[in-house]
Protein chains: 2
Amino acid sequence: MKIGDFAAKSGLSADTLRYYERIGLLPRTVRDAGGRRSYGMDDLAWAAFLRKLQAMDMPMRDRLEYSRLRAEGDATLRTRRKMLEAHRDALVARQAELAELVATLDAKIDHYIDMESGTQESFDDGGQTHDDRGSGIAPPRERSRRGASARA
Amino acid sequence: MKIGDFAAKSGLSADTLRYYERIGLLPRTVRDAGGRRSYGMDDLAWAAFLRKLQAMDMPMRDRLEYSRLRAEGDATLRTRRKMLEAHRDALVARQAELAELVATLDAKIDHYIDMESGTQESFDDGGQTHDDRGSGIAPPRERSRRGASARA
DNA sequence: GCTTGACCTGGAGCGCGCTCCAGAAAGTAG
DNA sequence: CTACTTTCTGGAGCGCGCTCCAGGTCAAGC
């Protein structure tokens, strides 16, 4: 498969593919008689996995290291697994952080709703000058758990 | 409070604070007799909230728009609430995506463990050339739900 | 008064992760 | 064969979000 097709199938531009190869994210590609890059299905799977690592917010330097290790073969399996486990933990931590932030947002949204119905002053400090210290964040009343969707 | 103190308390550098003011993320600061910026507690609360928006991955353009709306006063309350609700939804979607990615990672980690114990070939394509289509992702065996922590 | 240090402004510089371009060569169609 | 398209390489450019710097002002301590 030539780079144009591969780009279409992988969702990465031809320029990006060449760039990734240059920096070592993709292995040196097999070339055809005329010097053009020739990609296989395995490359497609690897590109897809790279995109997942990116979607997980794994930093470029880590993706580079992972790629380098992969290129070294089976001897690096343990190291790679450790990297994935570490990143898994980071992801779980991020999920927890997001949950907290959603709660903050819910509280602030409720605060806004109060201000919209009444005729209060602005006072836009996040909706919780007093409480909010990462703990539980008790909703002011009970009308939270909504999204733009559930009211629009 | 002068910019140095404020920087220390807000966690943003003085340069960043001036930069934020320039681009409109922070309102034009009150100046003292000598022309120096003078910050109050309300600014501190706003800076903290801006950091939360950033931690939520709200794009800079949206934070700018939100700040601009806030500067316009109470007339924009509804609009701001809508923005927060929309971003709340984005956050919840991201949480779901992360949950999927964690599952992918778990599957791949298990795959690695298999390869480490046996003496298989490399075949590093993400650990699931066959399955994995965003659905459930059944763990190959039952030994998942670990982190770097739980084994190290 | 003098030194020291925090602060001011405008603008340059930077690291990241691409993205685009020029100029050449090779494959493909008619 | 010509014409067109794709790909090639090396390198420049870009948008973001700061970060740093020069050269100057102002305030406080000695």
Side-chain angles (χ1 to χ4, degrees), chain A residues 1-40 43-44 46-68 70 87 90 94 101, chain B residues 1-40 43-44 46-68 70 87 90 94 101:
Chain A
M1 187 178 0
K2 278 183 291 180
I3 199 170
D5 289 343
F6 190 78
K9 282 183 190 160
S10 67
L12 298 165
S13 76
D15 270 321
T16 299
L17 288 169
R18 283 187 285 252
Y19 169 70
Y20 278 4
E21 188 177 333
R22 237 177 14 241
I23 65 174
L25 260 191
L26 294 176
R28 271 177 208 128
T29 322
V30 173
R31 304 304 182 100
D32 66 16
R36 277 89 192 272
R37 289 174 180 77
S38 180
Y39 295 89
D43 296 311
L44 211 46
W46 173 237
F49 186 62
L50 276 178
R51 280 166 70 80
K52 282 194 183 178
L53 292 183
Q54 187 177 33
M56 289 174 198
D57 297 325
M58 180 183 280
M60 181 59 107
R61 52 185 163 282
D62 292 357
R63 279 177 282 154
L64 273 175
E65 189 186 348
Y66 190 90
S67 302
R68 191 178 53 71
R70 178 180 121 100
H87 197 65
R94 177 64 177 158
L101 288 167
Chain B
M1 189 178 354
K2 279 184 289 182
I3 200 171
D5 290 344
F6 190 79
K9 283 183 187 159
S10 68
L12 296 165
S13 76
D15 270 321
T16 300
L17 288 170
R18 283 186 286 252
Y19 170 69
Y20 277 4
E21 187 177 333
R22 235 174 22 238
I23 65 173
L25 216 42
L26 294 176
R28 273 180 207 125
T29 321
V30 175
R31 302 304 181 101
D32 66 18
R36 279 90 192 270
R37 288 173 180 80
S38 180
Y39 295 90
D43 296 313
L44 211 45
W46 174 237
F49 186 61
L50 276 179
R51 279 166 70 79
K52 281 193 183 179
L53 291 183
Q54 187 177 34
M56 288 174 198
D57 297 325
M58 181 183 280
M60 179 61 106
R61 54 183 161 284
D62 292 355
R63 279 177 282 156
L64 272 174
E65 189 187 348
Y66 190 89
S67 302
R68 191 178 55 70
R70 177 180 121 99
H87 197 65
R94 177 63 176 159
L101 289 168

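Per chain, numbering begins at 1; letters A, B, ... match sequence-line order.
- Applying the side chain to side chain contact (heavy atoms under 4.5 Å, CB included) criterion to A:I23, with sequence neighbours excluded, gives A:Y19, A:Y20, A:L25, A:M60, A:L64.
- If you take OG on A:S13 and CG on A:D15, they are separated by 5.0 Å, rounding to the nearest 0.5 Å.
- Although no hydrogens or angles enter the test, the distance criterion places a donor-acceptor pair under 3.5 Å between the side chain of A:H87 and the main chain of A:M56.
- Classification of B:D43 and B:R37 as a salt-bridged pair fails, no side-chain N sitting under 4.0 Å from a carboxylate O.
- For DNA chain D, the span of nucleotides reached by chain A at under 4.0 Å from its heavy atoms goes, 5' to 3', from D:dT6 to D:dT9.
- Shown for residues 4-28 of chain A: residues whose heavy atoms fall under 4.0 angstrom of DNA chain D, namely A:G4, A:R18.
- Across all strands, A:R31 comes closer than 4.0 Å only to sugar-phosphate atoms, never to a base (heavy-atom distances).
- Ion pairing of B:D5 with B:K2 is absent here, as no side-chain N (NZ or NE/NH1/NH2) approaches a carboxylate O to less than 4.0 Å.
- Residue B:R36 contributes atom CZ, which lies 10 Å from atom P of C:dT9 at whole-angstrom precision.
- Put simply, OH on B:Y39 and NZ on B:K9 are 13.5 Å apart, with the number rounded to the nearest 0.5 Å.
- Between A:W46 and A:Y66, the ring-plane angle classifies as parallel under the 30° and 60° cut-offs.
- Summary of the strand contacts: B:D32 and A:S38 both lie near DNA chain D, and taking for each the nucleotide with the nearest heavy atom, the more 5' one is attributed to A:S38.
- Between A:I3 atom CD1 and A:R36 atom CZ the span is 11.0 Å, to the nearest 0.5 Å.
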